[in-house]
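A quick write-up on the structure given underneath.
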Number of protein chains: 2
Amino acid sequence: MSFRLATEADLPEIVRLLADDHLGGSRERYTDPLPPEYGIAFAGLQKIGAEVILAEDESAKVIGCLQLLVLPGLGSLGKQRAQIEAVRIESSLRGKGLGSDLIRHAIARAKQKGCKMVQLTSDNSRQGAHRLYERLGFKASHVGMKLYLD
Amino acid sequence: MSFRLATEADLPEIVRLLADDHLGGSRERYTDPLPPEYGIAFAGLQKIGAEVILAEDESAKVIGCLQLLVLPGLGSLGKQRAQIEAVRIESSLRGKGLGSDLIRHAIARAKQKGCKMVQLTSDNSRQGAHRLYERLGFKASHVGMKLYLD
């Protein structure tokens, strides 16, 4: 597995992965052409300096992705942190350690960018993912809360 | 209580609040002059369009604060979300509903900015805060995980 930064041309493959999931299946719209909202969101991520990292197999097929945001903050003496979101591994390839490799790559990138901490939230139902993150050293120290707006 | 956006000149009062807390006390450095890290972090927040919102009492004394970040993301059809961080109410004024008013103000601001969701994480030890967020409609649907880097 190798890693690279996504460009806008990768959006169809990314949305395919986002939808290939028990939660994402009902939340995404993987159509051809893609709904324009995905392109707008990708441009927004670029604007704040966030990265979409892709994992590819040896035939350059995209088999994993995540978003890595570097966030400033006043707390903890102005510590800069990295936030990982929208992690996916192709459903047929799960359980082979590819997710761990992808997250390790993101952690290394966060260090390169001067972050002192990496944070993420994971849906309560993703028990396998929680174990994976704990094996990588993450601590489940927080409750992740969401409020959906009309 | 009234609300306004913070400027860099408000940093000493903000850091005083951040440090006025059972977790923040050991993580912050409230000195005169302030460590330069806080000014750098404030500039970083401005650069990504984040806001630091202050709550003031009738004599214009700062009694509460939070950070509101508007984050783009590919997931959920490119839904833009707001993230609330570093929430504090002056310790002598807690338990009077001021925290709820401050969070309600931030939720209204997130709606104005076109966000479809507001998210936050809260340390497992902040049980009172969890109840406050649940009363405002937040659901504890996620686990919040952190990895500290050397």
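Note that the structure is a prediction, hence the values are computed from the model and not measured. Sequence lines set the chain letters: A, B, ... in the order given, protein chains first and strands last, and positions in each chain run from 1.
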Are [X] and [Y] side-chain neighbours, meaning at least one heavy-atom pair lies under 4.5 Å?
X         : Y         : result
Arg27(B)  : Lys79(A)  : no
Lys146(B) : Arg81(A)  : yes
Leu149(A) : Lys116(B) : no

**OP:** Against chain B, label Val15(A) side chain, backbone, both or neither, depending on which of its atoms sit under 4.5 Å from a heavy atom there.
**Re:** neither
Original post:
For Leu120(A), is it the side chain, the backbone, both, or neither that has a heavy atom closer than 4.5 Å to a heavy atom of chain B?
Top reply: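 Both backbone and side chain.
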At a heavy-atom separation under 4.5 Å, does [X] approach chain A through its side chain, its backbone, both, or neither?
X        : value
Leu71(B) : side chain
Val70(B) : neither
Ile84(B) : neither
Arg88(B) : neither
Leu69(B) : side chain
Ile48(B) : both
Gln80(B) : neither

**OP:** Measure across Ala41(A) and Pro72(B) and return the closest heavy-atom pair with its distance rounded to 0.1 Å.
**Re:**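 Looks like O-CB, 3.9 Å.
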Transitive ILVMFWY side-chain link [X] to [Y], under 4.5 Å:
X         : Y        : answer
Leu18(A)  : Leu11(A) : yes
Phe138(B) : Leu68(B) : yes
Ile53(B)  : Ile89(B) : yes
Val52(B)  : Val87(B) : no
Leu77(A)  : Leu17(B) : yes

For the interface with chain B, which of [options] has the highest count of heavy-atom pairs at distances below 4.5 Å?
options                         : result
Pro35(A), Gly73(A), Ala43(A)    : Gly73(A)
Gly44(A), Cys65(A), Ala19(A)    : Gly44(A)
Val143(A), Thr121(A), Leu136(A) : Val143(A)

With distance as the sole test, does [X] use its side chain to make a donor-acceptor pair with the main-chain N or O of [Y] at under 3.5 Å?
X         : Y         : result
Gln119(A) : Leu147(B) : no
Glu28(A)  : Ser76(B)  : yes
Asn124(A) : Ala140(B) : yes

Rounded to the nearest 0.5 Å, what separation is found between the [atom1] atom of [X] and the [atom2] atom of [Y]?
X         : Y         : atom1 : atom2 : result
Tyr148(A) : Ser141(B) : OH    : OG    : 5.5 Å
Ser122(A) : Met145(B) : OG    : CE    : 7.0 Å
Phe42(A)  : Leu74(B)  : CZ    : CG    : 7.0 Å

Original post:
chain A: which of Lys139(B), Arg126(B), Glu85(B) shares the most heavy-atom pairs with it under 4.5 Å?
Top reply: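 Winner by heavy-atom pair count: Lys139(B).
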